[in-house]
Amino acid sequence: MNLFTILFAAFLLGLLIWVIYRSKVKRSGFDVPVSFPKHWSSFLLEKVKFYKGLSAEERLRFESAVQHFLNRIRITGIGTEVNDEDRLLVASSAVIPIFAFPNWEYNKLWEVLLYPDTFSEAFEFEGQNREISGLVGSGGAIDHVVIFSKPALWLGFDNQSDKHNVGIHEFVHLFDKQDGDLDGIPSFFMENQSVLPWLRLIKTKTDEIQSGTSDINPYAALNEVEFLAVAAEYFFERPVLLQKNHPKLYEALYLIFQTDLAKEKKSGRVYGGIRKWPNLLPEL
């Protein structure tokens, strides 16, 4: 093999790597600032309780994850304008569930659509039967897409104590779907022997919801998929209350998300590297 052939092969390899990089790392079409703007940080401090509870070093990591998301994922307004604050709330919704996993990629997501209001099953945001505020697309034209009602997305961050956040809810669905199945069992983060105890815990909590003795949103009782997403909203918005009212559920969720949010900040909250599932099995 002569020098020219080697150089040409190296050029083609470099070109292929560049194309892959461009397609995966910067395909959103949004010009993300290299340095995180101060007014962006101020906005996050005001609106995103999770970010506000981080240390200075952790906030930098959160900001970097937000920038990475905004570089990769296109955010498009349908019948509404999209501004930087909208983008920051979408990106924060995405980063919060996976903050303990620095190398995470939402590899099943290409685009987020923002609607001006709630929408129907036919994706109409005018007329009757508009009860949907967020949706993870599955199949067809909306595969690899997440849709949010923009007012509902904002409401999730405006009210930071109601245990509801549609942004977190839908991105937890994507978190769940990462192993290929949207089933309420994030298998990437649960060892095989922990699946049945997790399902038993869901059954116990669902029975409590249906009997009217639980403060968990009744929508969680629909199925395992919605239980995980609804419980995650509670976990990220009111972790101390969840630990008090549902200690076993809190324990399971902080093992899934590798985030011990209820721990006092002065003692040092934990993001990653927490107890393993086998140690929890007897307690569930």
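His246 and Lys205 form a side-chain donor-acceptor contact under 3.5 Å, judged by distance and modelled atom types alone. For the residue pair Thr76/Glu111, the side-chain donor-acceptor check at 3.5 Å is satisfied. Counting only N and O atoms by type, the side chains of Asp143 and Trp110 include no donor and acceptor under 3.5 Å apart. Under 3.5 Å, the side chains of Asn165 and Tyr234 contain no donor-acceptor pair of N or O atoms. Counting only N and O atoms by type, the side chains of Glu63 and Tyr51 include a donor and acceptor under 3.5 Å apart.
Thr80 contributes atom OG1, which lies 3.0 Å from atom NZ of Lys150 (distance to the nearest 0.5 angstrom). A distance of 5.0 Å separates CZ of Phe119 from CG of Leu135, quoted to the nearest 0.5 Å.
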Under the criterion ring-ring contact (aromatic ring centres under 6.0 Å, His included), I'd like the reasoning laid out for Phe99 against Phe257: C-alpha separation, chi angles, the key distance, then a yes or no. CA-CA 8 Å; Phe99 184 69; Phe257 296 107; over 10 Å; no
Let's go through Glu105 and Arg72 carefully: what are the C-alpha distance in whole Å and the side-chain angles of both, what is the deciding distance for salt bridge (charged side-chain N to carboxylate O under 4.0 Å, His left out) to 0.1 Å, and is it a yes or a no? CA-CA 10 Å; Glu105 294 284 2; Arg72 290 192 62 249; 2.9 Å; yes
Going through the distances and angles, do Phe171 and Tyr106 end up as a ring-ring contact (aromatic ring centres under 6.0 Å, His included)? CA-CA 9 Å; Phe171 277 102; Tyr106 284 103; 5.3 Å; yes
Show the numbers, then the answer: is there a side-chain contact (heavy atoms from CB on, under 4.5 Å) between Phe125 and Ser149? CA-CA 9 Å; Phe125 44 84; Ser149 155; over 6 Å; no
Give the intermediate values and the outcome of salt bridge (charged side-chain N to carboxylate O under 4.0 Å, His left out) for residues Lys47 and Asp158. CA-CA 7 Å; Lys47 290 293 184 182; Asp158 286 338; 2.5 Å; yes
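In this structure, the side chain to side chain contact (heavy atoms under 4.5 Å, CB included) partners of Thr213, at least two apart in sequence or on a different chain, are Glu208, Ser211. A search for side chain to side chain contact (heavy atoms under 4.5 Å, CB included) contacts involving Thr206 returns Ile202, Gln210, Ala221, Phe227, not counting sequence neighbours.
Counting only distance, with no hydrogens or angles, the side chain of Gln258 and the backbone of Leu255 share a donor-acceptor pair below 3.5 Å. In this structure, the side chain of Trp154 does not engage the main chain of Asp86 through any donor-acceptor pair within 3.5 Å. Within the 3.5 Å criterion, the main-chain N or O of Lys52 finds a donor-acceptor partner in the side chain of Arg59. Proximity of a side-chain donor or acceptor of Lys108 to a complementary backbone N or O of Leu174 within less than 3.5 Å is not detected. When atom types are taken as modelled, the side chain of Asp179 and the backbone of Pro186 share no donor-acceptor pair closer than 3.5 angstrom. Formation of a donor-acceptor pair under 3.5 Å by the Asn245 side chain with backbone atoms of Leu242 is not found in this model. Between the side chain of Ser214 and the backbone N or O of Ile216, at least one donor-acceptor pair lies under 3.5 Å.
Between Tyr219 and His169, the angle of the ring planes lies from 30° to 60°, which puts this pair in the tilted group.
Taking the centre of each ring, Phe148 and Tyr115 stay at or above the 6.0 Å mark. Checked against a 6.0 Å centroid threshold, the rings of Tyr254 and Tyr250 count as neighbours.
Looking at every heavy atom in both residues, Phe101 comes nearest to Ile256 through CZ-O, 3.6 Å.
With salt bridges taken as basic N to acidic carboxylate O contacts below 4.0 Å, none links Asp183 and Lys177. A salt bridge between Lys163 and Asp215 is present, with a side-chain N of the basic residue lying under 4.0 Å from a carboxylate O of the acidic one.
Clustering of Ile, Leu, Val, Met, Phe, Trp and Tyr by side-chain heavy atoms under 4.5 Å joins Val225 with Leu182.
By the 4.5 Å heavy-atom criterion applied to side chains, Phe50 and Ile168 are not counted as neighbours.
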